[in-house]
Amino acid sequence: MRRKYPVGIESFYDIRTGGYVYVDKTKYIYDLVDSGMYYFLSRPRRFGKSLLLSTMEEYFSGNRELFKGLAIEELESDWKSYPVLRLNLNIGDYNDPATLPSRLDCQLSIWESQYQLVPCSFTFGDRLTRIIMAAYKQTGQKVVVLVDEYEQPITDTLDNPELNQKHRDMLRGVYGCLKPLNRYLKFVFMTGVSKIGKLSVFSSLNNIQDISFRNDYCDICGISESELDEYFREDIDMLAAKHHIESQELKSQLRELYDGYHFSKESVGIYNPFSLLYTFDSRELGHYWFASGTPTLLVNLIHDYSLSLESVFDGYVATQHELDYIDSIRQSPIALMYQTGYLTIQSYDRASDSYTLGFPNREVEEGFMLFLKQYYWPRTYDRSLPFEATRFVSDLNSGNISGFIGRLSSFLSSCPYDIVLDREKHFQNVLFILCRLCGLSVHAEYRTSSGRIDILIETASYRYVFEFKIDQSAQAAMAQIRSKEYALPFATDDKKTTLIGINLSTKTRTIDDYCVESLENSQEVV
């Protein structure tokens with residue numbers, strides 16, 4: 001009988017009663033309840049946060065039968081039923097000013113009816129206070145508060161400052177009422193994608209424990225390598241047989257596509273649970289997580305603020321404070337990419353107390369690259385990419401610079417007109433994407449002892465050093481290569497190094513002049 005995989009199912013009750021595969025995370029719930037009261041967890045979308053809260057809801061409701069055979073059944077000896085208030089803000093279009101107040105009013109009204117409270121015109125925070133006190137008085141048990149995606153109304157409106165501030169003020173009133181109610185509360189757990197630094201929940205609830213970076217909870221959401229082996233061994237064998245490969249080879253492919261998330265200094269690698277479950281359910285390897293939501297805001301940030309794609313693709317260094325909070329998209333595009341799951345921790349340097357970030361896996365990197373295409377890519381090249389890529393690579397592999405420059409010039413002249421080519425960074429990003437999609441080894445802003453090379457491309461036998469100028473001259477670009485001695489680090493290398501100065505015209509929107517110099521003959525060719 002084929003196993004059932006809970007793709008997109010976030011209800012613990014439905015999973016347990018419906019016979020779906022469940023990766024047991026209940027030991028973490030017991031540990032949390034046993035050791036504290038207020039918690040916050042940040043994880044990317046579709047990583048199991050809602051399922052975790054649903055599991056907590058059933059546990060605190062005393063539904064012991066749902067936990068038969070799970071870790072918490074043996075750990076917990078005193079099962080009780082507590083009043084549970086669960087607020088889910090992962091619903092609705094918060095760019096509509098009416099959505100958040102309507103959502104809060106609807107949920108509070110349900111609870112007021114449940115605890116026989118007469119509707120009132122108090123603030124949302126005052127209404128929640130009345131509900132918690134009534135639940136405690138009527139049941140004789142302390143109250144559990146679970147908030148799913150607590151900050152989504154804020155992150156959804158980061159590019160609308162006025163509405164964003166209204167949402168902050170509204171939620172501040174709701175969350176700020178919790179600390180004075182400590183005597184009535186049993187447990188408070190809040191989840192989100194981002195941690196909003198200026199939201200008062202983290203100042204008024206100054207005893208809240210942020211477990212997002214804690215190593216002992218790094219796999220509270222997602223699937224670890226050991227869990228993959230424990231829960232999905234048969235699935236791996238079946239999928240490997242379908243694709244006529246060995247199980248170990250399939251595991252390698254799964255690891256390359258979906259593994260690689262790290263949420264602490266010493267975190268084990270975590271698989272994206274949505275993509276993994278979707279793969280076993282469909283029995284096909286694919287880009288499922290990325291396809292379930294497009295990072296339009298993130299790509300707009302890269303484009304609008306001229307963020308170097310090299311810093312995104314090949315190791316951005318950040319402090320934990322930078323990764324922890326986000327209050328402005330203009331200040332924190334990298335932090336937003338980390339919090340939303342497009343970047344993850346690759347390594348930690350204890351001496352500088354800093355993290356190096358990168359793409360977690362091939363699914364995210366390839367998906368992000370393909371999504372970037374629409375901002376930098378001529379539509380006429382979509383269907384001809386395999387053929388054009390072969391020609392670009394062939395030119396560079398053979399040292400045919402004039403052929404490469406001619407093709408590149410034609411490519412640039414076909415770029416969408418709304419792509420601004422009056423900044424070197426934008427042209428740099430266009431060439432970077434082109435080379436990555438062609439499978440070339442490329443570095444943007446390659447650091448040397450005296451400066452940064454705009455673009456460095458390497459093949460098996462050749463190395464190309466590019467410097468760009470806008471509305472100046474190719475000779476000015478070459479002069480910078482020489483004065484900064486960009487070729488010096490490669491002087492004794494076996495590869496043939498070629499220096500290329502390029503001038504771009506904002507009028508023609510393409511290359512209008514270039515010059516080439518080889519380290520071997522030191523003769524300039526125009």
Side-chain angles (χ1 to χ4, degrees), residues 7 43-48 219 221-225 227-229 232 235-236 239-240 242-263 267-295 298-299 302 309-316 334 337-347 355-377 382 385-386 389-390 393 429 432-444 457-458:
V7 178
R43 287 293 185 270
R45 63 183 176 82
R46 291 195 176 276
F47 241 83
D219 58 343
C221 292
I223 297 173
S224 66
E225 186 78 26
E227 289 170 334
L228 181 67
D229 291 333
F232 300 100
D235 307 270
I236 291 172
L239 190 57
K242 178 182 182 296
H243 290 274
H244 308 290
I245 58 176
E246 297 293 327
S247 295
Q248 283 302 118
E249 172 60 25
L250 180 67
K251 279 191 67 176
S252 295
Q253 293 184 22
L254 292 174
R255 190 177 299 114
E256 181 184 2
L257 274 169
Y258 310 128
D259 192 14
Y261 288 91
H262 299 89
F263 300 110
S267 170
V268 298
I270 305 297
Y271 286 81
N272 185 313
F274 181 80
S275 295
L276 203 57
L277 292 172
Y278 208 115
T279 295
F280 290 134
D281 187 58
S282 65
R283 299 189 179 182
E284 294 290 343
L285 297 165
H287 293 176
Y288 302 116
W289 179 78
F290 200 95
S292 67
T294 53
L298 297 177
V299 178
I302 291 173
L309 290 179
E310 177 76 0
S311 64
V312 177
F313 278 73
D314 293 304
Y316 184 90
I334 292 294
M337 290 193 70
Y338 167 76
Q339 293 171 3
T340 49
Y342 297 100
L343 296 177
T344 194
I345 295 170
Q346 298 287 8
S347 63
Y355 298 85
T356 298
L357 308 180
F359 285 108
N361 50 51
R362 186 158 58 87
E363 178 190 27
V364 176
E365 179 175 349
E366 291 183 354
F368 198 81
M369 180 68 73
L370 291 172
F371 193 78
L372 279 172
K373 264 199 338 177
Q374 65 181 293
Y375 289 80
Y376 296 99
W377 198 263
D382 280 344
L385 175 60
T390 300
V393 173
N429 285 344
F432 184 87
I433 293 171
L434 174 63
C435 291
R436 288 296 282 251
L437 288 173
C438 290
L440 291 162
S441 174
V442 56
H443 301 277
I457 302 176
E458 294 187 277

Examine distances only and state if a side-chain atom of [X] and a backbone atom of [Y] form a donor-acceptor pair shorter than 3.5 Å.
X	Y	result
Ser275	Trp289	yes
Gln346	Phe359	yes
Thr356	Ser347	no
Asn272	Tyr258	no
Asn361	Glu256	no

**Message:** Is the distance between the ring centroids of Tyr338 and Tyr316 under 6.0 Å?
**Reply:** no
**Item:** Gap separating the CG atom of Leu254 from the CG atom of Leu285, nearest 0.5 angstrom
**Value:** 6.0 Å
**Distance (rounded to the nearest 0.5 Å) between Glu246 CD and Lys251 NZ** = 13.5 Å
With the side chain counted from C-beta on, respond yes when [X] and [Y] share a heavy-atom pair under 4.5 Å apart, and no when they do not.
X	Y	answer
Glu225	Tyr271	yes
Phe263	Asp219	no
Thr344	Ile270	no
Tyr288	Leu257	no
Leu228	Arg255	no

Which heavy-atom pair separates [X] from [Y] by the least distance, and what is that distance?
X	Y	answer
Val393	Cys438	CG2-O, 3.5 Å
Pro360	Gly341	CG-O, 3.9 Å
His243	Arg283	NE2-O, 3.3 Å

**Prompt:** Does a sphere of radius 6.0 Å around CD in Glu249 hold more than 12 heavy atoms from other residues, nucleotides or ligands, not counting ones at 6.0 Å or beyond?
**Reply:** yes
**Request:** Could you tell me whether Tyr355 atom OH has more than 12 heavy atoms of other residues or ligands within 6.0 Å of it?
**Result:** yes
**Asked** Among Ile345, Val268, Leu357, which one satisfies side chain to side chain contact (heavy atoms under 4.5 Å, CB included) with His262?
**Response** Ile345
**Prompt:** Can you tell which of Thr279, Asp235, Leu239 makes a side chain to side chain contact (heavy atoms under 4.5 Å, CB included) with Leu250?
**Reply:** Leu239
**Prompt:** Relative to each other, are the rings of Tyr342 and Phe368 parallel, tilted or perpendicular (30° and 60° limits)?
**Reply:** tilted
**Complete:** side chain to side chain contact (heavy atoms under 4.5 Å, CB included) filter on Ser441, not counting sequence neighbours, yields His443, Glu458
